[in-house]
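Worksheet for the structure shown next.
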Amino acid sequence: MTATVRYDEVKVGQELPTAEYGVRRLNLVMYAGASGDFNQIHWNERFAKMVGLPDVIAHGMYTMAQGGRFVTDWAGDPAAVVDYGVRFSSMVVVPDDDQGATITVSGVVEEKLEDKRVVVALTARSGDARVLSKARAVVQLA
């Protein structure tokens, strides 16, 4: 696969369409199985509250993955992301109900580099909280 977004058609300051990703407890259980991270704060409400959390929280790497998914969906090719990094700034609290939580991700083209690469700055929020900070991806475009 190659990226479907063309370097010539992208401008610095261009905003990427915002996406919303739902997170329910089932997603966290599935992620725990895939990642091997079975820390009880991600699935056991009683334990999470016992250690001072408001409720069960999403894995940080799960949250980071939603930002990565946002970029790869935009670029059209998972291999187009050549560098990706974030800092975790808040938790995604996932209540035990039919709605769960929502991670809202937006992005903007921050810089155009040589070799048809761009830097995309991401913003990820859950409710009123910014859950990722300093989130940046370098993307190889067509």
Side-chain angles (χ1 to χ4, degrees), residues 1-7 9-45 47-142:
M1 292 178 69
T2 59
T4 57
V5 177
R6 300 192 51 79
Y7 181 83
E9 298 170 358
V10 172
K11 296 183 182 355
V12 172
Q14 177 179 331
E15 294 184 12
L16 283 57
T18 299
E20 292 186 344
Y21 304 103
V23 187
R24 295 190 350 237
R25 297 274 177 96
L26 176 60
N27 300 113
L28 303 183
V29 172
M30 292 177 357
Y31 185 82
S35 68
D37 181 353
F38 292 100
N39 189 317
Q40 291 185 62
I41 63 174
H42 303 304
W43 57 270
N44 184 323
E45 184 174 332
F47 182 81
K49 290 180 176 182
M50 184 179 74
V51 298
L53 296 170
D55 207 330
V56 164
I57 62 169
H59 303 74
M61 296 304 285
Y62 179 89
T63 304
M64 182 180 179
Q66 301 316 303
R69 176 181 173 189
F70 172 80
V71 175
T72 61
D73 285 352
W74 171 72
D77 177 10
V81 178
V82 295
D83 190 38
Y84 177 51
V86 306
R87 290 202 181 165
F88 303 106
S89 51
S90 190
M91 302 171 283
V92 176
V93 179
V94 183
D96 188 16
D97 59 20
D98 291 334
Q99 281 76 45
T102 301
I103 300 170
T104 303
V105 185
S106 60
V108 63
V109 176
E110 190 174 72
E111 184 179 358
K112 290 182 85 170
L113 306 172
E114 295 179 2
D115 299 326
K116 296 185 179 181
R117 293 180 178 196
V118 296
V119 177
V120 176
L122 304 172
T123 300
R125 305 187 73 78
S126 182
D128 293 333
R130 186 172 184 167
V131 295
L132 299 177
S133 63
K134 298 189 179 189
R136 302 276 183 285
V138 177
V139 185
Q140 180 71 59
L141 300 180

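One is the number of the first residue; the rest follow in order along the sequence.
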> About how many Å separate CE of Met30 and OG of Ser35, when rounded to the nearest 0.5 Å?
Replying inline: 12.0 Å
Enumerate, atom names and distances included, each donor-acceptor pair closer than 3.5 Å involving a side-chain atom of residues 118-126, sequence neighbours excluded.
unit_1	atom_1	unit_2	atom_2	d
Arg125	NH2	Asp128	O	2.7
Ser126	OG	Thr102	O	3.2

Quick one: side chains of residues 68-87, donor-acceptor pairs under 3.5 Å with protein atoms, not counting sequence neighbours, listed by atom name and distance.
unit_1	atom_1	unit_2	atom_2	d
Arg69	NH1	Gln66	OE1	3.0
Thr72	OG1	Gly68	O	3.3
Thr72	OG1	Arg69	O	3.1
Asp77	OD1	Ala79	N	3.0
Tyr84	OH	Met64	O	2.7
Tyr84	OH	Gly68	N	3.2

> Measuring from Glu9:CD to Lys11:NZ, what's the distance to the nearest 0.5 Å?
Replying inline: 9.0 Å
> After noting the C-alpha distance and the side-chain angles of Asp37 and Met61, does the key distance pass the side chain to side chain contact (heavy atoms under 4.5 Å, CB included) rule?
Replying inline: CA-CA 10 Å; Asp37 181 353; Met61 296 304 285; over 6 Å; no
> If you measure from OH on Tyr62 to CD1 on Ile57, what distance do you get to the nearest 0.5 Å?
Replying inline: 14.0 Å
Can you list, pair by pair, the side-chain donor-acceptor contacts under 3.5 Å of residues 130-142, counting residues two or more places apart and other chains?
unit_1	atom_1	unit_2	atom_2	d
Arg130	NE	Leu132	O	3.2
Arg136	NE	Glu110	OE1	2.9
Arg136	NE	Glu110	OE2	3.3
Arg136	NH2	Glu110	OE2	3.2
Gln140	OE1	Arg117	NE	2.7
Gln140	NE2	Asp115	O	2.6
Gln140	NE2	Lys116	O	3.4

> Should the ring pair His42 and His59 be called parallel, tilted or perpendicular, given that the plane angle runs from 0 to 90° and is split at 30 and 60?
Replying inline: parallel
> How far apart are the closest heavy atoms of Ile103 and Val23, and which atoms are they?
Replying inline: CD1-CG2, 3.6 Å
>> Under a 3.5 Å distance rule, please check whether Trp43 uses its side chain to pair with a backbone N or O of Leu28 as donor and acceptor.
In response: no
> By side chain to side chain donor-acceptor pair (under 3.5 Å), which residues pair with Arg24, not counting sequence neighbours?
Replying inline: none
> In Å and rounded to the nearest 0.5 Å, what is the OH to OG1 distance from Tyr21 to Thr63?
Replying inline: 12.5 Å
>> So, using side chain to side chain donor-acceptor pair (under 3.5 Å) as the criterion, who are the partners of Asn44 when residues are at least two apart?
In response: Gln40
>> Asp96: which residues meet the side-chain contact (heavy atoms from CB on, under 4.5 Å) condition with it, sequence neighbours left out?
In response: Arg25, Glu45
> Taking all atoms of both residues into account, what is the closest heavy-atom pair of Val10 and Gln14, and its distance?
Replying inline: CA-OE1, 3.3 Å
